[in-house]
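A short write-up of the structure that comes next.
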Amino acid sequence: MMTRMISYALATAMVLLPGATAFYIPGVQPHEFSPGEEVPMKVNAITSIHTQIPKDYYRLPFCTPTDGPQMASENLGEFLTGNKIQSSAYSINMLTELYCEKVCQKYLSKLEAAKLRLHIKYGYHNNWIIDNLPSAAVGLNMETGEKQKHYAGGFPIGFISSDTQKPFIFNHVNIIIDFHKSSPDVNTYRVVGFAVEPMSVKHRFQGNYEWDGDDKEGYNKKLATCPTGEQHMDRSVIEESQIVDDGVKILYTYDVIWKESDVAWSSRWDIYLSEDHLVPAQVHWYSITNSILVVLFLSLLVISILVRNLRRDIAAYNALAALADEERDEEMDESGWKLIHADVFRPPDNYPMLYCVFVGSGVQMLVTVFLSIVFSAVGFLNPARRGSLMNAILVFYMLSGVLAGYVSSRLYKSFKGRMWQLCTVVTAILFPGVAFCLFIFFNIILFFKQSSASAPFLDVIIVAAMWCCVSIPLVFVGAYFGYKKEAIQFPTVTSTIARAIPPPQPLLHPMVGTLVAGVVPFAAAYVELFFIMTSLWMDQYYYVFGFTLIVYLILIVTCAEVTVLLVYYQLCAENHRWWWFSFFAPGSTALYTFIYSVFWFRSLEASKMVMTYLLYFGYMGLICTAMLLITGTVGTLTSLWFVRKIFGTIKVD
């Protein structure tokens, strides 16, 4: 079964990711531009990987449109992920080249200079959009001296001089737009590429003309710092960079360069979604191969140990059961897992209701993550639909509430629990309640930080309504059907008095098993985890969800196999308290993930802002808690199946 699952996932990845490149469904209607038609350019929030706090673009002294910035229509997922798309002051028309066009001039006050200086220091980037395409950044490779493009993370708003440690702003941009003719018979064009080459230029007018920024005549004056004739700005002609300081004036200019391209409109996202220009696809395949080898080795180990030992044990126990009472007493081995048959299905001694809640919530998260990865792998969720992944996660999580209620109620009924209403309520509100409170806490702080990541009040109400009016009722619906079903039947009868558990050997101590169990699943997935972390926290595109699907299945299979093996050894040691052990043993994968995230945090070169640490470790803690629920649930359900199976095969008086 395990081999078939991995083979199917591999086939899916090869179909969805031909040549290890990304696959997606564009999902939007192409816009046809006529020659001279306006091509709107929009600006998104400025972002920094060092602070993790996006800010409104117009919070800094940039040029604003004459009629003020207009908000673009956004969905719930865009607001929740910190997007704030607005109109810009840059005027672009199809196939119209522009040379050193003036936008506006800004005089920096002391406060504006300090604000701009601070954002440059923290490495904030602009994120511009044309025809739903994010801007690539054209930079200079310091080793080769050649220009190169970066397709994720936007372009920096400025830089700090390595010599003087003074801040300089990129006040001139070359806007490079690739276009493709719609068809030979139609005189319309489509945008298939968008890049920005930022430059820092201390502009001055010819004839020592001084412009106050308000005089219309200044727009017609020529700049001495720009190339003459129809030549675009180049770094080689820059005499002096524009410093950021109190009282200086900054003139913002731009060039528009149109380039015909053979790239089809349907393929224009390929360069963004392909990691070949960043990380060779072979790295992912090596990671997957390594993980599959780990799973195969573990499977052989489990089969060789469990099958051989279980066959021997079951045959011996059944042979003893056929003997007379006197002979049985003489032949009876004083150790082994059969001796605990009257205690093995005893409900957990500690917090049985909480155990059921954790397993139900884990099933909900397990299905949510699986569906999100599958829909992303087939292309329904992609960067062309901003916020679609967040919207899908919310919808899948709400709908999976039925499963959470059903599983927790059935398990709680098998424990003969009587407070089923309380169990259902806790299942419906515990994990989502913690997540929502954390979200509200961060949202309030980000609001006072004037961050665009702070979701509007209306969207917070919408999320709360989705939880209270959809998710919670669905949990109760699932619980209703779960309690109506027959209780899970166990093959042995539980005794009234619990059997004493003998002291375990050091290597068989449950704490040792719990810590060891998470190493193997983590080792099978940590390479892909690096790329996911990079995408999550460093503004990189991650779109090899075919690989993610394989790793997710490998993680589930590995957790299941490791847990079954360790639970078997606990039973052999006559430890009948396997319920919580089967949950926390594979769940320790989340512990190693969190420890890994602590070390990985150094790669962010994070600022010393307390909020950055709160955001990172707060959300990583929430993610690792979700991983604990998922892996723990896999271990629990697999162990329950295994224990029922082996005790159902022996004859018990």
Side-chain angles (χ1 to χ4, degrees), residues 1 302-303 305-325 328-329 331-350 352-353 355-356 359-360 363 406-418 420 482-502 508 510 513 559-583 585-586 632-653:
M1 179 66 180
V302 170
I303 292 171
I305 293 176
L306 289 186
V307 173
R308 182 181 60 189
N309 290 357
L310 283 174
R311 280 183 176 176
R312 182 190 62 200
D313 293 346
I314 292 171
Y317 288 144
N318 288 336
L320 284 173
L323 295 175
D325 293 341
R328 188 185 311 164
D329 293 337
E331 297 289 335
M332 177 69 74
D333 188 2
E334 293 301 324
S335 64
W337 52 269
K338 187 193 173 184
L339 298 182
I340 59 173
H341 65 84
D343 299 276
V344 71
F345 294 108
R346 187 181 303 280
D349 294 336
N350 301 317
M353 181 190 295
Y355 184 84
C356 300
V359 175
V363 169
Y406 181 81
V407 172
S408 67
S409 63
R410 287 217 67 192
L411 198 56
Y412 191 61
K413 186 176 182 179
S414 69
F415 291 163
K416 296 181 172 59
R418 297 182 178 181
W420 64 270
Y483 283 116
K484 285 194 68 176
K485 291 278 289 186
E486 290 287 335
I488 299 174
Q489 298 297 318
F490 297 128
T492 60
V493 179
T494 302
S495 62
T496 306
I497 302 174
R499 179 188 179 90
I501 300 175
L508 289 179
C559 287
E561 292 179 340
V562 169
T563 309
V564 165
L565 187 62
L566 293 178
V567 165
Y568 171 73
Y569 280 117
Q570 290 296 314
L571 297 179
C572 289
E574 300 179 30
N575 183 1
H576 55 79
R577 296 174 181 168
W578 60 272
W579 291 101
W580 278 112
F581 176 80
S582 68
F583 185 88
T633 297
V634 170
T636 294
L637 297 180
T638 309
S639 299
L640 178 59
W641 168 84
F642 170 73
V643 174
R644 289 181 65 199
K645 197 75 174 175
I646 63 173
F647 279 91
T649 56
I650 61 174
K651 299 174 183 177
V652 179
D653 293 336

Let me confirm one number: the [atom1]-[atom2] distance from [X] to [Y], rounded to the nearest 0.5 Å.
X      : Y      : atom1 : atom2 : answer
Ile646 : Trp641 : CD1   : CH2   : 10.0 Å
Ile497 : Arg346 : CD1   : CZ    : 9.0 Å
Ser408 : Tyr483 : OG    : OH    : 6.0 Å
Lys645 : Leu640 : NZ    : CG    : 12.5 Å

Mind checking whether [X] and [Y] have side chains closer than 4.5 Å, heavy atoms only?
X      : Y      : answer
Glu574 : Arg499 : yes
Tyr568 : Phe642 : yes
Asn575 : Pro510 : yes
Ser414 : Phe345 : no

Main chain of [Y], side chain of [X]: is a donor-acceptor contact present, judged purely on distance under 3.5 Å?
X      : Y      : value
Lys485 : Ser409 : no
Glu561 : Cys559 : no
Thr638 : Gly635 : no

Please name all residues satisfying salt bridge (charged side-chain N to carboxylate O under 4.0 Å, His left out) with Arg644, sequence neighbours left out, ordered by chain then number. none
Minimum heavy-atom distance between Ser495 and Asp343, given as atom pair plus value: OG-OD1, 3.5 Å
Can you sort out the partners of [X] under side chain to side chain contact (heavy atoms under 4.5 Å, CB included), two or more places apart, ordered by chain and number?
X      : value
Leu637 : Val359, Val363, Thr633
Ser639 : Thr563, Val567, Trp578, Ser582
Pro348 : Pro352, Tyr355, Phe415, Trp579, Trp580

Which residues pass the side chain to side chain donor-acceptor pair (under 3.5 Å) test with Arg410, sequence neighbours left out? none
Residues which pass side chain to side chain donor-acceptor pair (under 3.5 Å) with Asp349, listed by chain and number, not counting sequence neighbours: Arg577
